[in-house]
Structures are given as C-alpha cells and as structure tokens.
Amino acid sequence: MTPPTTRTWARRRHTPVIRVRGRSQRRFSIAALTCYKHGERSRLIYRPKQHVDHKRGGRRSFTWTDYRDLLIDAHQQLGAPMVLVWDNLNVHKDRRLRQFIDTHDWITCYFLPAYAPDLNPVEGIWSLLRRSSQVNTAFTDADHLINTLRHGLRQIQYRSNLIDGCLAETELTLTTSRQQRQ
C-alpha cells in the first residue's frame, strides 16, 4: 500500500519522492458495514482478512461466504432485522449470496446505482482511515499494516459521530416502506 502523505517539505525545485518496495502485493482485504438504528449510536462492523495464498493464484478478495459470515455476525451483534444497502461489487451480486439473502427474512437488500461511491458511507470510512492512521507511514511488514488498520478502525468505531458524519455525507434519507405504529 502506498503511504498517503498529508504534509511534507523539500527544497525549492526538488520534488520529494517516496520510494516504496513491494507495491501491489494485495495481501489484505477489509469488509465493513456502517449500521444505523433509530435511537441508538451508529456502529461500524468490519472484518479484515489476510490472503495467505495470493502469490500462488489464490483469491485476493472476499468470497461470498466471507460476506455471508459478516452479515450473520452483524445480525447477531445488532439483534434486529437489517436493511442492507450495497454497492454493485460483483461478489455482492453473486447468485449464492443472493440466495442466502432471499432465504433469510431478517435481511432486506437494496443496491446503490452503478458508479455512485458518494452514496456509500463506507467510502467515507476508508477516507477517514487513510487520512488518520495511515498517513505518513511506510509499513515495515504485513503485521505492521494490519495492526495499524485495526487500530484505526477501532478508533473510528469508538467515535460514532464520525460514522454519523459518513452516513450524513451521503444525503440519503432514512425512510421505511412499513407503516409505523403510533
């Protein structure tokens, strides 16, 4: 991962250059859900995954079973039905994952329009993570990277106002099609 920089300095007419070895190794993936429940604090539920066989042609991203397990864990943590709003990632539209969602009445699933990252609150979480815990850091090894990512995500989890900000930034209104009891 190329380290993002926020501030740097150099002599005039000398552009600073950061050399990073090992680019594009893609050993880690992180899946995250931002969760909102009326009357409660917003939550961030995430799962990191290390891809150990990525150099031998193994998968370099989450599988549909990884997303299924994340949804099951989120449902257990939240203790309530879920309305899932997903982007159009191909794994999210996998036939087996759709079948899992269709067979469980505690999940209602909607998809965002194509190419609409501004409507996805998790994109705001990734932006916060890059601008806080990853800034000006060249990671020494895989453990350093994953520990830093977990620490940064944990800091965001503890500050629900940051999650609320990412949800509000989408400007989506939270409505329900079911009639509310008075």
Side-chain angles (χ1 to χ4, degrees), residues 1 4 26-51 54 58-134 146 149-150 152-182:
M1 174 175 281
R26 188 123 196 239
R27 295 183 219 171
F28 295 103
S29 294
I30 300 176
L33 299 171
T34 52
C35 306
Y36 170 82
K37 187 174 180 181
H38 186 70
E40 293 186 16
R41 69 178 186 83
S42 298
R43 294 186 188 184
L44 173 66
I45 300 172
Y46 67 92
R47 296 292 177 270
K49 181 176 181 179
Q50 183 173 4
H51 306 289
H54 70 284
R59 189 163 179 99
R60 296 179 186 202
S61 62
F62 276 78
T63 63
W64 77 272
T65 56
D66 296 324
Y67 283 106
R68 178 198 62 198
D69 297 342
L70 175 63
L71 293 175
I72 292 169
D73 290 347
H75 175 62
Q76 289 175 351
Q77 284 184 30
L78 298 171
M82 295 171 42
V83 176
L84 186 63
V85 181
W86 261 350
D87 58 12
N88 288 290
L89 186 66
N90 60 354
V91 179
H92 294 168
K93 292 190 167 196
D94 186 281
R95 175 187 48 81
R96 296 162 292 187
L97 187 57
R98 295 291 310 148
Q99 184 179 5
F100 169 79
I101 290 171
D102 292 341
T103 58
H104 291 83
D105 59 350
W106 49 267
I107 305 176
T108 304
C109 184
Y110 297 98
F111 285 94
L112 292 171
Y115 305 106
D118 53 320
L119 298 178
N120 189 348
V122 175
E123 296 297 334
I125 299 295
W126 300 143
S127 176
L128 286 171
L129 185 64
R130 285 187 66 85
R131 290 182 290 144
S132 61
S133 63
Q134 293 181 316
I146 196 66
L149 292 175
R150 286 184 180 185
L153 286 167
R154 208 171 305 118
Q155 294 302 317
I156 294 171
Q157 273 183 323
Y158 294 146
R159 299 175 62 193
S160 62
N161 60 327
L162 293 177
I163 302 168
D164 290 339
C166 292
L167 289 164
E169 184 67 25
T170 64
E171 297 181 0
L172 295 174
T173 57
L174 301 170
T175 60
T176 180
S177 59
R178 296 185 205 161
Q179 195 170 7
Q180 298 291 322
R181 289 186 177 181
Q182 300 292 332

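Starting from 1, each residue takes its place in the sequence as its number. Heavy atoms only: backbone and side chains are in, while hydrogens, waters and symmetry mates are out.
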Inset, instruction - With rounding to the nearest 0.5 Å, note down the distance linking SG in Cys35 to CG in Leu44. - result: 7.5 Å
Inset, instruction - Go through the steps to decide whether Phe100 and Ile107 satisfy the test side-chain contact (heavy atoms from CB on, under 4.5 Å), and finish with yes or no. - result: CA-CA 9 Å; Phe100 169 79; Ile107 305 176; 4.0 Å; yes
Legend entry - Closest non-hydrogen atom pair, Ile156 against Ile125: CG2-CD1, 3.9 Å
Inset, instruction - Hey, could you give me each pair passing side chain to side chain donor-acceptor pair (under 3.5 Å) that has a residue in residues 160-170? Not counting sequence neighbours. - result: Ser42-Asp164
Inset, instruction - Quick one: list whatever passes ring pair (Phe, Tyr, Trp, His ring centres under 6.0 Å) with Trp126, sequence neighbours left out. - result: none
Legend entry - Partner residues of Ser132 under the side-chain contact (heavy atoms from CB on, under 4.5 Å) criterion, sequence neighbours left out: none
Inset, instruction - Over all heavy atoms of both residues, which pair between Cys166 and Gly124 is shortest? Give the atoms and the distance, please. - result: SG-C, 3.5 Å
Legend entry - Residues that Pro48 engages under side-chain contact (heavy atoms from CB on, under 4.5 Å), provided they are two or more places apart: Ile30, Tyr46, Ile146, Arg150
Legend entry - Partners meeting ring pair (Phe, Tyr, Trp, His ring centres under 6.0 Å) with His75 (sequence neighbours left out): Trp106
Inset, instruction - State, yes or no, whether a side-chain contact exists between Pro113 and Leu119 at a heavy-atom distance under 4.5 Å. - result: yes
Legend entry - Atom pair CG/CG of Leu97 and Leu71 - distance to nearest 0.5 Å: 6.5 Å
Inset, instruction - Would you confirm whether Arg43, through its side chain, and Ile163, through its main-chain N or O, come within 3.5 Å as a donor-acceptor pair? - result: no
Inset, instruction - Determine whether more than 12 heavy atoms belonging to other residues, nucleotides or ligands lie under 6.0 Å from atom CD of Gln99. - result: no
Legend entry - Nearest non-hydrogen partners of Lys37 and Leu78, listed with the distance: NZ-O, 4.1 Å
Legend entry - Pair Asp66 + Arg47: basic N to acidic O under 4.0 Å: no
Legend entry - Thr63 side, atom OG1; Asp69 side, atom CG - distance, nearest 0.5 Å: 7.5 Å
Legend entry - Considering all heavy atoms, the nearest Asn88-Leu112 contact: ND2-O, 2.7 Å
Legend entry - Non-hydrogen side-chain atoms of Leu149 and Gln134 separated by less than 4.5 Å: yes
Inset, instruction - To the nearest 0.5 angstrom, please state how far the NE2 atom of His92 sits from the CH2 atom of Trp86. - result: 5.0 Å
Inset, instruction - Find out whether Leu33 and Leu84 are in side-chain contact, i.e. whether some heavy atom of one side chain is under 4.5 Å from a heavy atom of the other. - result: yes
Legend entry - Closest heavy-atom pair and its distance - Leu128, Leu162: CD1-CB, 4.0 Å
Legend entry - Taking every non-hydrogen atom, the tightest pair across Ser61 and Ser29: CA-OG, 3.6 Å
Inset, instruction - Could you check Glu123, Arg130, Arg131 and say which one makes a side-chain contact (heavy atoms from CB on, under 4.5 Å) with Ser127? - result: Arg131
Inset, instruction - Find the distance between CG (Leu70) and NZ (Lys49) and round it off to the nearest 0.5 Å. - result: 12.0 Å
Legend entry - Sequence-distant partners of Arg98, side-chain contact (heavy atoms from CB on, under 4.5 Å), two or more places apart: Ile101, Asp102, Cys109, Phe111
Inset, instruction - Please round to the nearest 0.5 Å and tell me the distance separating atom CD1 of Ile72 and atom NE2 of His104. - result: 6.0 Å
Legend entry - Any donor-acceptor pair under 3.5 Å from Gln50 side chain to Phe28 backbone: no
Legend entry - Worked check of side-chain contact (heavy atoms from CB on, under 4.5 Å) between Val91 and Tyr67: CA-CA 8 Å; Val91 179; Tyr67 283 106; 3.5 Å; yes
